[in-house]
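Labels below follow one simple rule: chain letters A, B, ... track the order of the sequence lines, proteins then strands, and each chain is numbered from 1.
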There are 4 protein chains.
Amino acid sequence: MGLEEYRRSVSENKHAAILKAGRKHFLEHGYSGAAAADIAREADVSTATLYKHFSSKEELFVAVVKDADHEEEIPPFPDNASLEDTMVAVLNNYLITHFEKNATALLRIVIAEVPGAPDLARDTFNEFIVSRYQKLADIVDQLIAHGTLKPHDSHFGVRLLIGAIKEHYIWPALFDNKTTMPEHAEDVIRQVVKDYLRLYGT
Amino acid sequence: MGLEEYRRSVSENKHAAILKAGRKHFLEHGYSGAAAADIAREADVSTATLYKHFSSKEELFVAVVKDADHEEEIPPFPDNASLEDTMVAVLNNYLITHFEKNATALLRIVIAEVPGAPDLARDTFNEFIVSRYQKLADIVDQLIAHGTLKPHDSHFGVRLLIGAIKEHYIWPALFDNKTTMPEHAEDVIRQVVKDYLRLYGT
Amino acid sequence: MGLEEYRRSVSENKHAAILKAGRKHFLEHGYSGAAAADIAREADVSTATLYKHFSSKEELFVAVVKDADHEEEIPPFPDNASLEDTMVAVLNNYLITHFEKNATALLRIVIAEVPGAPDLARDTFNEFIVSRYQKLADIVDQLIAHGTLKPHDSHFGVRLLIGAIKEHYIWPALFDNKTTMPEHAEDVIRQVVKDYLRLYGT
Amino acid sequence: MGLEEYRRSVSENKHAAILKAGRKHFLEHGYSGAAAADIAREADVSTATLYKHFSSKEELFVAVVKDADHEEEIPPFPDNASLEDTMVAVLNNYLITHFEKNATALLRIVIAEVPGAPDLARDTFNEFIVSRYQKLADIVDQLIAHGTLKPHDSHFGVRLLIGAIKEHYIWPALFDNKTTMPEHAEDVIRQVVKDYLRLYGT
DNA sequence: AATGAATGAGATTTCATTCAT
DNA sequence: AATGAATGAAATCTCATTCAT
């Protein structure tokens, strides 16, 4: 069994290497721009091996996108923080996570392939975008339950918050190959949160 | 001169036909997915002719994108309309224009080509997105000058409005190959406007 | 008739312009490298006109080569010059004529097209090379008749002279895109002539 | 290692086949006239394979030319041969080698590409022409050292010999698509050698 | 006669994918 | 399982030549 296990681990390493190389190339050059041969070379693997692990370029692409789809950590917030500060921190975290995952580039390639891979796009949208709304909406609902926020449609509220922030920071990045977190985003976030609390705070 | 004019008109027709066919194919299949030969065939023209009119596929692509870049009409508003109604109408028009131009698909392909054609992306962003902010900000500034709205940073305000609306209607469309204007958008728009006026109305 | 003549002269001008432009492009880029469109543009004429004057690229090529085929002037030599000086002058003139006509480049393109245009090559060889041997052989024969040179096969003698000179100056130029007459060629020519006279002088 | 060796041998065979087919087509049709697809077909290989082995048509062309560039064997001469016979044999060998290598056609295509590939032309000239002068000059220098020939500039002497021979046999072949060794060349060679020995023999 | 525009037929090159071992 | 080499199919672009006026 030792041999078999060894083999499996080698194989798994290659699998991971291909995935990683694929991610790099797809993010850098887009779907059509990334060449299977380059990905294989980067992963230090033959093209034939690449195709043993993923039966087509598209399948690798899908795997790359799905793989990026990790859970997002929502950090615990200090009890004594103000509501405003907490919300700013949450939204800031949202933005940081986005840039840390290089999500802009990822979304870019998924968007590019909407006509060619609609299912992937829908899935990605759900897992990457909708589920993040949901997490924030859950928080909002809790705050409403606690009486800290006025009752309102939490999904609507979240889209108000997130929409403004995306409009400021993510939408421009989508067109600008930016990969770094914008500076001073917190100021704008705070302004957005302040308006939100004027509307829905108690 | 009849000859010259005739030739010019024939040539211009072909030029336009190529542009139109290019638009169709690029929107449908993306930049790399669209084949010059197919575009030429669609335009009922030889590939050579296509290349006489546009010296490369990229140049045709840029022309297609720039061509979509028409001025947006802001319709006049009835004098007796309420502020809320007026703003809803303006934003609704924003959305209608977006879908009528098939701007989602257009933005999609531009986004896809950000790594390959960064200048085009920047230009498109400026003309398609920033300049539309500006038009709305101008309106807001006028309303502030009239005392109809409280003084505030009009660009921030516009991003709040537009951000929410995009979040609801444009961002999902980006991932969903939707080409039709969503129904009942006006309800959400009105809700957004109401919140906005609670914040900045007088 | 005035009108007709005018037209004819215009047409002849265009013909000449095309020929000249053709010569330039063929010499610079070779047969396949020269584009009909470029030649036409250089001649300030439409491609269609070019094809009215020469029914194919090849025909133009042939015309260009034939056109270069002018008579060579053999300058008169002073009576009191020594035999050696006279022969050096004749051979030097041979070389000068060669470079002035840009014959290296011309021969180059003819040589290149030997498989494709064997007749042209044969004709060019005869008019450009053999006929020049003949002229020199005639001179040699006269000198033999005068008793200034020993009786010998004048064609063999000429090939000895010309062969040495070509070996030094023309053969290298064939491979080097050289267009200018080499300097100090006269020294080598004199040395060749001296050897020749040691063999065949009286 | 059996696998590796097998693969290498297959690959090397294809490499050689492409080279050979390339040589054939380039010699027959010149550089631009030869189509990569035809060469591949002739070599019984896909175009893609051709491009795996040579990354461009030009690279294949250069390889073909360089490949022709084998060392020339100078055969040993019988000790009891006369100087004249030896020299005739050497020069005859020079000519035979030239025609056996089909060097005329090779030089033709290199000459054709002088404007497009000047480096190749220079290299070819050096290895194909200059280095052959050198070999002959070395022989001449030895003969001078032995006292068999009078002291003189061996390079000049070699150009006299070679020049005359090229003038008779190679220059005409350049224009005539001749691929076969001329007959009775030995007679002319002997005549040239005789003159040479009258000048430089002891 | 002249021309601006058009084109059919190819040219080179690339790439996702498979084969033989 | 892994691979080096091979490939069919297609893509972009060019060019000599012709057409419509």
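Atom-to-atom, CG of N13(A) to P of dA2(F) comes out at 10 Å; the value is rounded to the nearest Å. A straight line from CD1 of I18(C) to C1' of dT3(E) spans 12 Å, rounded to a whole angstrom. Atom CD1 of I39(A) and atom P of dA16(E) are 8 Å apart (whole Å). As rounded to whole Å, 8 Å separates atom P of dT3(F) from atom CG of D44(A). We find that CZ of F54(D) is positioned 15 Å from C1' of dA6(F), with the value rounded to whole Å. Atoms NE2 (H25(A)) and P (dC15(E)) sit 12 Å apart, rounded to a whole Å. For the pair E59(B) CD and dT12(F) P, the interatomic distance rounds to 15 Å; values are reported in whole Å. Put simply, CZ on R41(A) is 12 Å from C1' on dC15(E), counting in whole angstrom units.
Shown here is N13(B), whose CG atom has more than 12 heavy atoms of other residues, nucleotides or ligands within 6.0 Å.
Annotation: cation-pi pair K101(A)/F128(A) present, NZ/CZ under 6.0 Å from the ring centroid and within 45° of its normal.
Using Watson-Crick or G-U wobble geometry with both donor-acceptor distances under 3.5 Å, dT7(E) finds its partner in dA16(F). Searching all strands for a Watson-Crick or G-U wobble partner of dT21(F) with both distances below 3.5 Å returns dA2(E).
Taking the six-membered ring where tryptophan is involved, the planes of F61(A) and F26(A) are perpendicular, since the angle between them exceeds 60° and thus also 30°.
Residue K14(B) places no side-chain N or O under 4.0 Å from the OP1 or OP2 atom of dG4(E). Neither OP1 nor OP2 of dA1(F) sits under 4.0 Å from any side-chain N or O of H53(A).
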Q: Encode nucleotides 15-21 of chain F as B, S and - characters from 5' to 3', where the letter depends on protein heavy atoms closer than 4.0 Å: B to the base, S only to sugar-phosphate, - to neither.
A: BSBBBBB
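A side-chain donor-acceptor contact under 3.5 Å links R108(B) to the backbone of L174(B).
Closest approach of L60(D) to L19(D), counting heavy atoms only: CD1-CD1, 4.1 Å.
Along DNA chain F, the nucleotide nearest L50(A) and the nucleotide nearest D38(B) are compared for position; the residue whose nucleotide lies closer to the 5' end is L50(A).
Between D123(C) and K66(C), at least one side-chain nitrogen of the basic residue sits less than 4.0 Å from a carboxylate oxygen of the acidic one, meeting the salt-bridge criterion.
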